Amino acid sequence: MAQVLFLGGLGRSGTTLVERLLGELPGMCALGEVVHLWQRDIRDDERCGCGARFSGCTFWRRVGEMAFNGWANVDVDRVHALRDAVERTRHIPRLASAAAASDEVREYASYYSRVYAAAAEVSGSPVVVDSSKHSALAHVLRWAGDIDLRVIHVVRDARGVAYSWTKTVSRPETDGADEMTRYSPGRSALLWNAHNAAFGLLARRGVPVRRIRYEEFLADPRAGLIRLADFAGVTLRPEDLDFLRSDHADLRVGHSAAGNPMRFTVGRLPLSRDDAWKRALPSAQRRLVGAVCGPMLRAYGYPINVEAR
């Protein structure tokens, strides 16, 4: 049974950074956003975090051989059809309340289970980290009978998330041909509410969920990693955190399948809070997001009124 540490939350909440740091720990293998593996990697042959094309990455080639006897044997159209049928935010109430999952849900989850098990075997790591983030996918994986699912729910101030979604960010894995999706502050506020609420519901369904605030994690990443490793059942030695310094981390090459451009960073990665939104997000938009997300901001311990600075 593969042990899976699933990083959940709305995009631009800091999950890629948390994943990269977890991937430096012994016993953990960071896979990136596996939810995008089927299209971006198998079909489009985009770049792995190591810089090679997916088809040319030795790690992923071995995973594909072990999981499916080669990626060519994966029916991507079938995976997409299953995703459209079961992995949508609107399906979460049904996934959360059903007494038993449908055959489609279990079939879709099985594709992920096979990837996780093969990645654990190839890497020699008992824990694999999937930073897919999607709340609906986490609810689907709850019904996989052959994985030990534990979820890290990463929360960031909704106004910082909203500002991040307005920025233009290129996707290096496409060699500059594409950009990451952008949302208006109003749209991202609605998504922030929906996805974070979905992870609260997942916890109430018995899945082990550990919520972390991104800002607090960055304030003391060493303590944060120790707590997360304990949640995953991994015991750390003091020297296992030698890659961490007070203001940066030294990262090795990783094999993340998809995700934020940070996944390509090798070497020194600065660790500092990005509070640019406090001065760059227009006050009207800041108030709008604060109003839409107010109840959940309060629940997570964030102030409602934030002055520009």
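Owing to the predicted nature of the structure, the values given are computational and were not obtained by experimental measurement.
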- Do any N or O atoms from the side chain of R205 and from the backbone of A96 form a donor-acceptor pair under 3.5 angstrom? yes
- Item | Single-linkage hydrophobic cluster, 4.5 Å side-chain cutoff, I304 and L281 together | no
- Message: As an exercise, state the distance from OG of S132 to CG of L31, rounded to the nearest 0.5 Å.
- Response: 9.0 Å
- Query: Between N73 and N69, is there a donor-acceptor pair closer than 3.5 Å when you use the side chain of the first and the backbone of the second?
  - Reply: yes
- Message: Quick check: do L21 and L251 have side-chain heavy atoms less than 4.5 Å from each other?
- Response: yes
- Flag the pair W71 / L37 as yes when at least one side-chain heavy-atom distance between them is below 4.5 Å, and no otherwise. yes
- Whether D240 side chain and R237 backbone form a donor-acceptor pair below 3.5 Å: yes
- Query: Heavy atoms, side chains only, cut-off 4.5 Å: are I152 and F6 in contact?
  - Reply: no
- Under-4.0 Å salt bridge between R245 and D247: no
- H36 and E46, any side-chain heavy atoms less than 4.5 Å apart: no
- Query: Which is it for L17 and L271 under the side chain to side chain contact (heavy atoms under 4.5 Å, CB included) test, yes or no, and what are the steps along the way?
  - Reply: CA-CA 9 Å; L17 173 61; L271 299 176; 3.8 Å; yes
- Could you grab the distance from atom CG of N193 to atom CG of L297, nearest 0.5 Å is fine? 8.0 Å
- K133 side, atom NZ; N260 side, atom CG - distance, nearest 0.5 Å: 7.5 Å
- Item | CG-CD distance between L149 and Q3, expressed to the nearest 0.5 angstrom | 10.0 Å
- Minimum heavy-atom separation for I92 to A198, with atom names? CD1-CB, 3.7 Å
- Task: Please test D157 against Y214 for side chain to side chain contact (heavy atoms under 4.5 Å, CB included), starting from the C-alpha separation and ending with a verdict.
- Result: CA-CA 8 Å; D157 191 305; Y214 176 67; over 6 Å; no
- Task: Return the minimal non-hydrogen interatomic distance between S188 and L10, and the atom names on each side.
- Result: O-CD2, 3.6 Å
- Query: Taking the side chain from R20 and the backbone from R263, do they hold a donor-acceptor pair closer than 3.5 Å?
  - Reply: yes
- side chain to side chain contact (heavy atoms under 4.5 Å, CB included) assessment of S164 paired with R156: CA-CA 11 Å; S164 184; R156 182 185 178 193; 4.1 Å; yes
- Of all the heavy-atom pairs spanning E19 and S256, show the shortest one and how long it is. OE2-CB, 4.3 Å
- Is the CG atom of D103 crowded by more than 12 outside heavy atoms at less than 6.0 Å? no
- Query: Checking S125 side chain against V128 main chain: does a donor-acceptor pair fall under 3.5 Å?
  - Reply: no
- Query: Which heavy atom of D146 sits nearest a heavy atom of S113, and at what distance?
  - Reply: OD1-OG, 2.9 Å
- Query: Are the side chain of R142 and the backbone N or O of L95 linked by a donor-acceptor pair below 3.5 Å?
  - Reply: yes
- Message: Looking at every heavy atom in both S123 and F59, which two are closest together, and how far apart are they?
- Response: CB-CE1, 4.1 Å
- Task: Might you confirm whether atom CD of E65 has over 12 heavy atoms from other residues, nucleotides or ligands at distances under 6.0 Å?
- Result: yes
- Item | Shortest non-hydrogen contact from H134 toward V35 | ND1-CG2, 3.7 Å
- May I ask you to check whether over 12 heavy atoms, not counting those of R88, lie within 6.0 Å of atom CZ? yes
- In terms of hydrophobic clusters joined by side-chain contacts under 4.5 Å, are M28 and I147 together? no
- Message: If hydrophobic clusters are built by linking Ile, Leu, Val, Met, Phe, Trp and Tyr wherever their side-chain heavy atoms come under 4.5 Å apart, do V63 and F54 end up in the same one?
- Response: yes
- Heavy-atom check, side chain of V34 versus side chain of Y116, under 4.5 Å: yes
- Query: Under a 4.5 Å cut-off applied to non-hydrogen side-chain atoms, are F217 and L228 in contact?
  - Reply: yes
- Should F231 and V151 be regarded as members of a common hydrophobic cluster, given that ILVMFWY residues are connected when their side-chain heavy atoms come within less than 4.5 Å of each other, either directly or indirectly? no
- Message: Let me confirm one number: the CZ-CZ distance from R210 to R150, rounded to the nearest 0.5 Å.
- Response: 10.0 Å
- Task: Please step through salt bridge (charged side-chain N to carboxylate O under 4.0 Å, His left out) for the pair E215 and R213, ending with a clear verdict.
- Result: CA-CA 6 Å; E215 296 85 355; R213 294 201 319 179; 5.0 Å; no
- Item | Path from V86 to W38 over hydrophobic side-chain contacts below 4.5 Å | yes
- Is the closest basic N to carboxylate O distance between R43 and D77 below 4.0 Å? yes
- Task: List for me each residue that meets ring pair (Phe, Tyr, Trp, His ring centres under 6.0 Å) alongside Y302, sequence neighbours excluded, and say none if there are none.
- Result: none
- Message: Working to the nearest 0.5 angstrom, can you tell me the gap between K278 NZ and S283 OG?
- Response: 15.5 Å
- Co-members of the apolar cluster containing L190 [side chain, <4.5 Å]: L288, V292
- Query: If we only count heavy atoms from C-beta on, is the R268 to D250 side-chain gap below 4.5 Å?
  - Reply: yes
- Message: Evaluate L22 against L7 for side chain to side chain contact (heavy atoms under 4.5 Å, CB included), listing each step before the verdict.
- Response: CA-CA 11 Å; L22 286 171; L7 298 185; 4.2 Å; yes
- Answer yes if the side chains of R94 and H91 hold a donor-acceptor pair under 3.5 Å, and no otherwise. yes
- Query: Would a 4.5 Å heavy-atom cut-off, applied to side chains only, mark W192 and V289 as touching?
  - Reply: no
- Message: Whether the side chain of R53 engages the backbone of D45 through a donor-acceptor N/O pair (distance < 3.5 Å, no angle test) should be reported.
- Response: yes
